[in-house]
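Note that the structure is a prediction, hence the values are computed from the model and not measured. The chain is numbered in sequence order, starting from 1. Atoms considered below: every heavy atom in the structure, side chains included; atoms not considered: hydrogens, waters and symmetry mates.
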Amino acid sequence: MSREYMVQLPPWLHWGIYVFALLPTVLVFGWLMTRRVQRSGTTWGELGRGLTEAFQRNPKTVTRRVVGDVFGQVTVRRDRLGALLHLLIFGSFGLLVVGTALVAVEQDFTRLVFGWRFLTGGLYAVFEAVLDTATLTLIAGVLVGMWRRYRLRPAHLGGRTSVHVVYGALGWLALSGLLLEAGRLLAVPVEHGGWSYAGNGLAALLDPVVGDHAVGFYQVFWAAHAISAFVFLALIPLLMLDHIVVLPLTLAIQADREPGRLTTPFDLPAIVEAEGDLEGISAGVANPVDHPWQRRFMLDACIDCGRCEAVCPAHAAGRPLSPRQVVQALGADLRTSIAAGAPPEADVFARGVVTEDIAWSCLTCGACARECPALVDQPGSLVELRRHLVEGGQVPERQAGVLEAVERNQNPLGLPSYQRTDWMTGLDVPTLAENPQPEYLYWIGCMAAYDQRARSVAQAMVKILKHAGVSFAVLGEEEVCCGEAQRKLGDEAGFQMRAMENIALFAGYEIVKVLTHCPHCLATLTKDYPEFGAKIEVVHHSVLLAELLASGKVPAVGGAGSAAEVGTLTFHDPCNLGRLGGVLDPPRAVCQAAAGPRFVEIGQSKDTSFCCGAGGGNYFYKVPEERSVSSLRLAQASATGADTVAVACPFCLGMLEDAARSASDSPLRIADLAELVASGLPEEKPPEEE
């Protein structure tokens with residue numbers, strides 16, 4: 001049992017197909033792919049060095065990311081219909097390519113050179129059945145894709161015009177392959193033809209029509225199928241399928257990029273130490289062509305799938321931002337500049353590539369970057385644009401006021417610095433001067449220090465820490481803003497100044513372990529400060545609370561914090577804690593302790609959480625929008641039927657409470673995890689009178 005190959009075709013085709021078809025295909029593909037790489041101003045040499053450096057830095061991460069996303073389709077699987085589409089097309093097309101290659105190896109090498117055939121007997125029978133199944137699956141994938149694109153028409157779905165060519169070409173290759181197989185079975189009938197069940201069934205249907213012309217029918221479709229396949233493969237770099245080459249490259253280069261980490265355009269501490277020229281430093285990028293080659297290649301890797309737009313909370317709220325359109329616009333501008341051979345004279349704002357409102361609309365929540373199959377860093381690109389605006393003094397009044405407030409009062413809320421310790425009144429909170437070697441430095445952050453509502457979070461944590469006997473201290477009046485708002489708003493120099501001050505302060509007190517309830521501070525202290533020499537361990541309060549509950553140092557329920565009062569509880573994952581910080585389970589352990597079986601999840605939770613609307617400095621200024629991001633998130637929480645929404649971020653606390661006040665019919669209670677746990681502690685007894 002084996003395959004009949006090249007029925008009554010000229011013998012010279014055994015070698016001619018490689019000389020006249022395969023070789024030109026490889027040459028054309030290589031030439032077009034080189035042009036595809038060069039259009040972003042990148043060279044194969046840079047890509048080679050970038051890949052080498054990536055594997056040297058973290059080989060396991062790079063391998064896991066490339067293998068997982070290319071073959072496991074990890075990122076693609078997050079969209080169910082998209083996952084089905086890719087599984088059908090990618091999987092079946094890959095099997096057909098491998099199957100065709102095996103037939104060529106057997107017929108043109110092992111058979112002709114060694115007289116040995118390996119596709120025989122039972123193996124050949126299974127081989128034929130698998131390839132027929134793959135062909136039908138490919139047709140099904142094309143139909144699903146066309147139904148999705150032309151019938152469902154998701155609003156976020158982009159895609160280059162070549163997508164129509166791709167669907168047509170794939171459909172034709174699958175159909176012509178079946179017709180070729182049917183012609184072969186008609187020209188040379190075999191007893192084992194039933195294993196090729198699809199081709200055999202089609203042959204039975206065509207037999208009355210083809211009649212005595214079976215050999216000619218086979219030869220026509222052999223030529224049509226072969227020519228179509230080689231032309232299609234050669235032109236892949238011109239089609240939207242170029243991502244089968246580009247995406248593995250950008251995945252490898254970007255694989256170890258930490259979620260939410262921004263670029264550091266200059267090292268201010270090093271410049272100051274070397275007494276360098278501060279006038280010459282620059283942070284912002286005015287045009288995509290000025291980016292390093294890695295970011296240029298990344299921008300050009302966008303496949304316009306629209307997944308980023310589908311999950312963007314700013315876009316959902318009707319803000320003038322679509323991360324897909326931004327990346328597409330920047331990529332198109334990049335290609336234009338490279339083709340022109342010279343950088344443009346004006347910046348992207350002056351040329352209308354993007355608008356300033358778009359740059360200020362981003363929440364830097366990372367939802368788009370998490371969803372992107374090409375690992376494009378959309379938030380990072382928008383922060384680069386903000387940096388350029390700050391450098392050029394093109395900052396709106398409200399954002400400029402926030403930056404000025406941090407410089408003047410050491411906090412973005414613009415309140416007097418002497419009020420920073422007001423939250424401590426009557427709590428007997430130890431400072432580092434009183435407890436110089438605590439287990440934890442409790443970093444309060446600007447929100448809990450100045451915002452009346454957020455103060456209760458710090459006060460609750462103090463009560464919990466004292467009850468559990470945890471050694472801690474605060475900086476008190478010495479604490480200043482960590483600089484997160486400055487960096488997210490584009491004031492890189494201002495941020496690095498804050499970082500230098502705080503790192504020196506930590507080093508002076510020999511601080512090793514820091515506790516904070518603010519995910520924004522957490523992200524800054526863990527992702528940004530180490531670049532400038534900070535050597536500290538930072539723990540979010542949800543992690544410590546979970547540990548205290550698990551050890552029994554803090555009671556799970558009781559008193560005013562009983563499950564009856566909490567009612568049905570849901571949890572809103574802060575972006576900087578969950579998606580960007582990877583802290584997912586500890587907050588849920590706290591919620592389980594507070595509500596038990598009454599804890600329910602929001603539809604968009606954990607690393608798919610929907611932003612509260614405060615990220616990227618947006619808490620401090622307003623952006624035109626049809627509906628507030630916070631109200632959208634509150635509606636998602638309300639849909640769970642919960643009575644209480646637990647949060648683990650003072651910004652989320654403020655945004656969701658503001659949304660609840662605006663929604664007159666919302667009965668939801670918003671509470672921080674620390675407030676839930678603290679309300680379950682036994683009441684402190686007043687001191688006995690002598």
Side-chain angles (χ1 to χ4, degrees), residues 257-263 311-314 362-371 377-380 382-383 386 412 443-448 451 454 457-458 461 481-490 495 498-499 502 514-531 534 536-546 571-588 590 602 604-620 629-630 633 645-656 670 672-674:
R257 188 186 76 219
E258 190 174 354
R261 182 184 292 277
L262 298 174
T263 60
V311 299
C312 175
C362 181
L363 298 160
T364 66
C365 68
C368 53
R370 173 196 174 276
E371 200 68 21
D377 180 21
Q378 300 92 335
L382 288 163
V383 170
R386 291 181 179 184
W443 180 269
I444 305 303
C446 297
M447 281 295 288
D451 182 80
V457 178
M461 275 305 298
C481 182
C482 68
E484 191 259 358
Q486 289 174 294
R487 186 163 231 202
K488 293 296 176 62
L489 290 176
F495 159 72
R498 296 285 81 69
N502 284 320
V514 177
L515 171 69
T516 182
H517 55 257
C518 179
H520 294 250
C521 297
L522 175 75
T524 301
L525 297 176
T526 56
K527 296 179 185 293
D528 300 328
Y529 276 31
E531 292 189 49
I536 53 175
E537 177 188 352
V538 189
V539 178
H540 188 254
H541 79 320
S542 64
V543 177
L544 181 59
L545 289 174
F571 178 66
H572 161 75
D573 290 90
C575 303
N576 280 290
L577 182 66
R579 179 166 42 251
L580 302 179
V583 180
L584 302 173
D585 295 331
R588 284 163 174 78
V590 178
I602 305 178
Q604 288 183 249
S605 61
K606 297 187 177 181
D607 58 350
T608 66
S609 183
F610 194 88
C611 185
C612 72
N618 277 242
Y619 182 87
F620 304 105
V629 177
S630 57
R633 184 53 168 172
V645 180
V647 298
C649 170
F651 289 96
C652 297
L653 179 65
M655 295 298 289
L656 293 179
I670 317 296
D672 188 87
L673 294 175

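Shown here are the salt bridge (Lys or Arg N to Asp or Glu O under 4.0 Å) partners of Arg579, two or more places apart in sequence or in another chain: there are none. Legend: residues meeting ring pair (Phe, Tyr, Trp, His ring centres under 6.0 Å) with His541, ordered by chain and number and at least two apart, are absent. Every residue two or more places apart in sequence or in another chain was checked for a ring pair (Phe, Tyr, Trp, His ring centres under 6.0 Å) with Tyr529, and none qualifies.
Here the CG-OG distance, from Asn618 to Ser630, works out to 11.0 Å after rounding to the nearest 0.5 Å. Rounded to the nearest 0.5 Å, atoms CD (Gln604) and OG (Ser609) are 7.5 Å apart. One finds the CG atom of Leu653 at 10.0 Å from the SG atom of Cys612 (value rounded to the nearest 0.5 Å). Here His517 contributes atom NE2 and Leu544 contributes atom CG; the two are 13.5 Å apart, rounded to the nearest 0.5 Å. Going from atom CZ of Phe495 over to atom CD of Gln486 covers 8.5 Å, rounded to the nearest 0.5 Å. Rounding to the nearest 0.5 Å places OG1 of Thr526 at 8.0 Å from CZ of Arg261.
Using a distance-only test at 3.5 Å, with no hydrogens or angles considered, a donor-acceptor pair links the side chain of Arg588 to the main chain of Leu584. Between the side chain of Asp451 and the main chain of Gly654, no donor-acceptor pair closer than 3.5 Å is present. The main-chain N or O of Leu580 is found under 3.5 Å from a side-chain atom of Lys527 such that the two form a donor-acceptor pair.
Between Asp528 and Lys488 there is no salt bridge, since no side-chain nitrogen of the basic residue lies less than 4.0 Å from a carboxylate oxygen of the acidic one. Between Glu484 and Arg498 no salt bridge is recorded (no basic side-chain N to carboxylate O distance below 4.0 Å).
In this structure, the side chains of Leu673 and Pro587 come closer than 4.5 Å at one or more pairs of heavy atoms. Side-chain contact between Phe610 and Cys575 is absent, with no heavy-atom pair separated by less than 4.5 Å. Using a 4.5 Å cut-off on side-chain heavy atoms (C-beta onward), Leu522 and Asn576 make no contact.
Taking both residues in full, the closest heavy atoms of Ala485 and Phe620 are given as CB-CE1, 4.2 Å, listed atom of the first, atom of the second, then distance. Across Ser542 and Val590, no two heavy atoms sit closer than the pair O-CG2, 3.9 Å. Nearest heavy atom pair, residue Leu525 against residue Pro530, reads O-CD, 3.4 Å. The two atoms that bring Ala648 and Leu577 nearest to each other are CB-CD2, 3.9 Å, heavy atoms only. Residues Trp443 and Cys481 come closest through the heavy atom pair CZ2-C, 4.5 Å. Counting all heavy atoms, side chain and backbone alike, Cys521 lies closest to Gly445 at SG-CA, 4.1 Å.
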